[in-house]
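Step one of this worksheet: look at the structure below.
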Amino acid sequence: MRNRLLLFVTALLCFCLSAYSQANEGETPSRPYFSPHLRFGVTLNVDANGLHGGRYRESEVPDKPAFGGSLVAKLHAGEATDVFNFSIGLGYRGFWDQAPPHEFVRHSTFSDYLLYSRNHSDNRDGSEVRPLGGQLVIPAEAHINLVRMGDEGSFFIGGGLEYGLRVYQSKRYANYFGAHIMNVASLSYQPMIGIKADLEDFGFMLSLYYKRYIYNAFNTKDIPIDKFNRGYLGIQLSIVLGE
């Protein structure tokens, strides 16, 4: 995982240098630090916490990644060509697990067995993906637009905080691990890097991020492994309405 993260950071640094050199071939026009222009938008996040070796709770099922994803309505402040941009939103984030533990399958009820046993009782290849839980999330982000890309775009770095409140948790996982597999609330941070642009009728932003939890979403007392609380590497796409 560390090697993958190092390669990821190296690739991003190369991209930064390339974008910076291209942008400075000509004169860069002056631009405002911040424009008090408010617009609404929709953001989609998809992430995973990596491919890991080892075994899940010492079972015969490989330790496969957990997945996360969110759909968020956001209020954006500033233009894509400003030096600084800010946003805050409200949405839903879900978590999914790949390869539920074989003990979970073996000791489940008959209906659960029908749902979980395929690909585990025979092959155990970990190709099943099952929901874990969901949160109501409030993300806030700040961006620094480092390099202009054309007349209406920028290359940026930034970071954000996300507060989450539990609204759903899998009863099947709770029956196996414990009554409260998810904590009531969580807090995470995520550095990010990407590009953004304001077009004629809408704007867009595409970025890569790495999410880490300050206060975990999952209860490590009921789940005695850190599989679900590892860092999540993901991609974010935002569509901003209006000019």
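Predicted model only: the values in this text are computed from it and were never measured.
- Residues Thr43 and Gln236 form a side-chain contact, since some pair of their non-hydrogen atoms from C-beta on lies under 4.5 Å apart.
- A distance-only check finds a donor-acceptor pair linking the side chain of Gln169 to the backbone of Met182 [under 3.5 Å].
- In this structure, CD on Gln135 lies 8.0 Å from OG on Ser188, to the nearest 0.5 angstrom.
- Side chains of Asn45 and Lys211: a donor-acceptor N/O pair is absent below 3.5 angstrom, by distance only.
- Cation-pi geometry between Arg93 and Tyr232 is satisfied (NZ or CZ under 6.0 Å from the ring centre, within 45° of the ring normal).
- At least one side-chain heavy atom of Ile193 sits under 4.5 Å from a side-chain heavy atom of Phe155.
- For the pair Leu233/Leu208, no side-chain contact is recorded, criterion being any heavy-atom separation below 4.5 Å from C-beta on.
- In this structure, Tyr209 OH and Asp47 CG are separated by 3.5 Å, a value rounded to the nearest 0.5 Å.
- Here the CD atom belonging to Glu162 is positioned 6.0 Å from the OH atom belonging to Tyr213, to the nearest 0.5 angstrom.
- In this structure, Val72 and Ser70 approach most closely via the heavy-atom pair CG2-OG, 4.0 Å.
- Between Tyr33 and Phe84, the ring-plane angle classifies as parallel under the 30° and 60° cut-offs.
- Side chains of Arg39 and Asp198 form a contact here, defined as non-hydrogen atoms less than 4.5 Å apart.
- A heavy-atom distance below 4.5 Å is not found between the side chains of Met149 and Ser154.
- How far CG of Asn145 is from CD1 of Ile195: 12.0 Å, rounded to the nearest 0.5 Å.
- If you chain together ILVMFWY residues whose side-chain heavy atoms come under 4.5 Å of each other, Val184 ends up in a group of its own.
- Nearest heavy-atom pair, Gly231 versus Arg212, reported as atom, atom and distance to 0.1 Å: N-NH1, 3.0 Å.
- A heavy-atom distance below 4.5 Å is found between the side chains of Leu146 and Ile144.
- Residues passing the ring pair (Phe, Tyr, Trp, His ring centres under 6.0 Å) test with His143 are Phe156, sequence neighbours excluded.
- The shortest distance between side-chain heavy atoms of Lys196 and Asn85 falls below 4.5 Å.
- The two residues Gly159 and Met192 make their nearest non-hydrogen contact at N-CG, 4.1 Å.
- Linking ILVMFWY side-chain heavy atoms closer than 4.5 Å, directly or via other members, places Leu90 and Val42 in two distinct hydrophobic clusters.
- Clustering ILVMFWY residues whenever any of their side-chain heavy atoms sit less than 4.5 angstrom apart, transitively, puts Tyr189 in the very cluster that holds Leu187.
- Counting only heavy atoms from C-beta outward, the side chains of Phe40 and Leu75 approach each other to under 4.5 Å.
- If you take CD on Gln190 and CG on Leu161, they are separated by 9.0 Å, rounding to the nearest 0.5 Å.
- For the atom pair CZ of Phe86 and CD1 of Ile88, the computed distance is 12.0 Å after rounding to the nearest 0.5 Å.
- In this structure, Val167 is a member of the same hydrophobic cluster as Ile138, with clusters built from ILVMFWY side-chain heavy atoms closer than 4.5 Å.
- Note: the hydrophobic cluster containing Tyr92 does not contain Phe67 (ILVMFWY, side chain heavy atoms under 4.5 Å, direct or indirect links).
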- Item | side-chain contact (heavy atoms from CB on, under 4.5 Å) assessment of Phe95 paired with Asp97 | CA-CA 7 Å; Phe95 296 90; Asp97 182 24; over 6 Å; no
- Message: Please determine whether side chain to side chain donor-acceptor pair (under 3.5 Å) holds for the pair Asn183 and Asn216, giving the CA-CA distance in whole Å, both sets of side-chain angles, and the decisive distance to 0.1 Å.
- Response: CA-CA 7 Å; Asn183 293 321; Asn216 293 329; over 6 Å; no
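- With sequence neighbours excluded, no residue forms a ring pair (Phe, Tyr, Trp, His ring centres under 6.0 Å) with Tyr168.
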